[in-house]
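Presented below is the structure to which this report refers.
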2 protein chains.
Amino acid sequence: MEKTFGMVRVSKRKPLREEVYESLKKSILYGKLKAGQRLVEEQIANQVGISRTPVREAFYKLERDDLVRRLPKGGFAVREFTREDVEEIFGIRSALESYAAYLATLHITPDKLSTLEKKVDESESALKKGDHEKLIQLHTEFHDLLYKACKSKKLIELINNFRDYFFRYRSALLHAPGGFQTSITDHRQMLKAMKEKKPRVVEKLVRDHLERGKEIILREISKGRVTP
Amino acid sequence: MEKTFGMVRVSKRKPLREEVYESLKKSILYGKLKAGQRLVEEQIANQVGISRTPVREAFYKLERDDLVRRLPKGGFAVREFTREDVEEIFGIRSALESYAAYLATLHITPDKLSTLEKKVDESESALKKGDHEKLIQLHTEFHDLLYKACKSKKLIELINNFRDYFFRYRSALLHAPGGFQTSITDHRQMLKAMKEKKPRVVEKLVRDHLERGKEIILREISKGRVTP
DNA sequence: ATTATGTATACTGTATCCAGAAGTCTCTTA
DNA sequence: TAAGAGACTTCTGGATACAGTATACATAAT
């Protein structure tokens, strides 16, 4: 992060530990680091060309995020998920995200509603064009916007932490048979219920949406199409 | 933590960072460290007689727990709560704890039910004797046991983290007019609904229970009887 | 009196080093 | 051959030192 005022450079660099944390996190979320992959302080430090200290601190932070777990023989590993984990996490997500959607329905403003509507419209348009990358992006954005409207910073933070666990599966989720269409239909219904100020309906729609997502992931895991 | 096998001492001491973390956390929870109190690495390190490293790591962990916040001028401070924070946190607690109670109703075994019943019986007995300390302890234990029955380690962890924010208020909560009696009545009703395998009823009872708790805390804060 | 500059202090972030623990491998002895 | 001891390797946790940054205070200049 650098700003330039004329010829004067104002540098506000993030601490190294933050940079390592974000880089590792991104690698995990995007699947560059596979579940089970072992990570060792010294190795990462040598690769990056820094000391162990910021690497260690990044590891501890990832550990607290439950994105890595500590190995008994030293080092950390990218977290793996059992079927039970998937059930557990989706259960918690359901509780949190439906609550956020409930709050969002209470608090949302008309301009935010129309932004959401625009996302759904764009999704339908992208579906017609078969632009799957765009659809994945719009799907994520719809949920980001929806939860942001709940006005609870801590809740959003929590939700995003849980969503991160399955970030690398979002493509598989949507590519499942009928995945794109179902997702758009769900979003359309949520939007409708929000316009009508029916928070309990939105809440239920989000629960069902997540239940469907969970079943898809479990099915894909069973078929060996994705690794836990 | 030391174990002794005959004359052989097996020492499994916790890392210093864990010890500092737990000690600071306890001081925060029990009100020894007041909201707003500033904490500085070097100072704590000097007081304890260790280097800064484990202190820093403990601070980061407490920060992640949202029990302390980073100060712009260096150091950390014990977290303060606005009324909005109280509302936010109780909202999230309500979502999480009611979900946990719902799961617990599905999973609980008869022996655990009778343990819960025993806690309620003991609470009524302690109320008659005016043993308030005992009542506070039993209240906490009831909830610990209830949530433990949900069989979701991550959910329990989350819930406990949120409960910790108001740990120092639990006495005020129960000492509020009619607090003890209401709490016992609530627990009795939850127990009844659990026996009857009505998870949605338990869920609602827990929501109402927490709503009441929130109102009490907000009222006590308004009256200046507790500091946020 | 006000503003600018220099210095001291307080703190953080990072690098380096040391000691210890745990696991693995090799050699020796029974 | 099997068991035990010692050496080696790999890793962590913590201590220490150094450099950088931000703030407060004192002094000099206008």
Side-chain angles (χ1 to χ4, degrees), chain A residues 1-6 8-25 28 33 36-79, chain B residues 1-25 33 36-79:
Chain A
M1 156 111 11
E2 297 195 339
K3 296 191 182 181
T4 306
F5 296 88
V8 181
R9 184 180 294 256
V10 178
S11 174
K12 183 133 183 199
R13 204 175 52 85
K14 278 184 286 190
L16 277 184
R17 69 172 179 269
E18 288 297 324
E19 301 216 359
V20 175
Y21 167 75
E22 284 168 7
S23 174
L24 286 175
K25 186 172 179 179
I28 292 168
L33 289 174
Q37 169 94 39
R38 185 158 179 261
L39 306 171
V40 180
E41 286 176 16
E42 191 84 45
Q43 284 175 13
I44 305 285
N46 288 339
Q47 282 167 26
V48 180
I50 58 175
S51 80
R52 277 172 49 212
T53 308
V55 175
R56 173 202 298 215
E57 289 171 3
F59 278 178
Y60 289 171
K61 199 172 177 191
L62 289 166
E63 187 186 21
R64 289 194 292 275
D65 285 348
D66 261 329
L67 286 171
V68 301
R69 60 185 168 86
R70 191 175 294 245
L71 294 172
K73 298 180 182 179
F76 290 81
V78 178
R79 178 150 176 215
Chain B
M1 160 125 347
E2 298 194 339
K3 297 191 179 180
T4 308
F5 296 87
M7 294 302 291
V8 180
R9 185 181 292 260
V10 177
S11 177
K12 183 133 181 190
R13 203 177 52 85
K14 277 185 283 189
L16 276 184
R17 68 173 179 268
E18 286 298 323
E19 301 217 356
V20 175
Y21 167 75
E22 284 169 7
S23 175
L24 286 174
K25 185 170 178 177
L33 288 175
Q37 169 96 36
R38 185 159 177 260
L39 306 171
V40 180
E41 287 176 16
E42 191 83 41
Q43 284 175 13
I44 304 285
N46 288 339
Q47 282 167 27
V48 179
I50 58 175
S51 81
R52 279 169 48 213
T53 307
V55 176
R56 163 199 294 251
E57 288 169 2
F59 278 178
Y60 288 172
K61 201 173 175 190
L62 289 166
E63 186 187 23
R64 185 67 179 85
D65 285 349
D66 261 327
L67 287 170
V68 300
R69 60 186 168 85
R70 190 175 293 245
L71 295 172
K73 297 179 183 180
F76 290 81
V78 178
R79 172 138 182 227

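The chains referred to below are lettered A, B, ... by the order of the sequence lines, with proteins before strands, and numbering in each begins at 1.
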Check the interface with nucleotides 12-15 of chain D: list each N/O to N/O pair with the protein under 3.5 Å, or write none.
| unit_1 | atom_1 | unit_2 | atom_2 | d |
| --- | --- | --- | --- | --- |
| D:dT12 | OP1 | A:G75 | N | 3.2 |
| D:dG13 | OP1 | A:R70 | NH1 | 2.8 |
| D:dG13 | OP1 | B:R17 | NH2 | 3.1 |
| D:dG13 | OP2 | A:Y60 | OH | 2.6 |
| D:dG13 | N7 | A:R52 | NH2 | 3.1 |
| D:dG13 | N7 | A:R56 | NH2 | 2.9 |
| D:dG13 | O6 | A:R52 | NH1 | 3.2 |
| D:dG14 | OP1 | B:L16 | N | 2.1 |
| D:dG14 | N7 | A:R56 | NH2 | 3.4 |
| D:dA15 | OP1 | B:S51 | N | 3.4 |
| D:dA15 | OP2 | B:S51 | N | 2.7 |
| D:dA15 | OP2 | B:S51 | OG | 2.2 |
| D:dA15 | O5' | B:S51 | OG | 3.3 |
| D:dA15 | N7 | B:T53 | OG1 | 3.1 |

Is there side-chain contact between [X] and [Y], with heavy atoms separated by less than 4.5 Å?
X	Y	value
A:L24	A:V68	no
A:L39	A:F59	yes
B:R79	B:L67	no

Hey, is the side chain of B:K73 poking within less than 4.0 Å of OP1 or OP2 on D:dT21, counting only N and O atoms? no
State whether a side-chain donor-acceptor pair under 3.5 Å links B:R56 with B:Y60.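 There is such a pair between these side chains.
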Measure CD/B:E63 against C1'/C:dT12 and give the value in whole Å, please.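 Whole-Å distance recorded here is 13 Å.
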Can you tell me how far C1' of C:dA10 sits from CZ of B:R38, to the nearest Å?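 Checked: the CZ to C1' distance equals 8 Å.
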Tell me whether B:R64 is salt-bridged to A:D65, with the criterion being a basic N under 4.0 Å from an acidic carboxylate O. yes
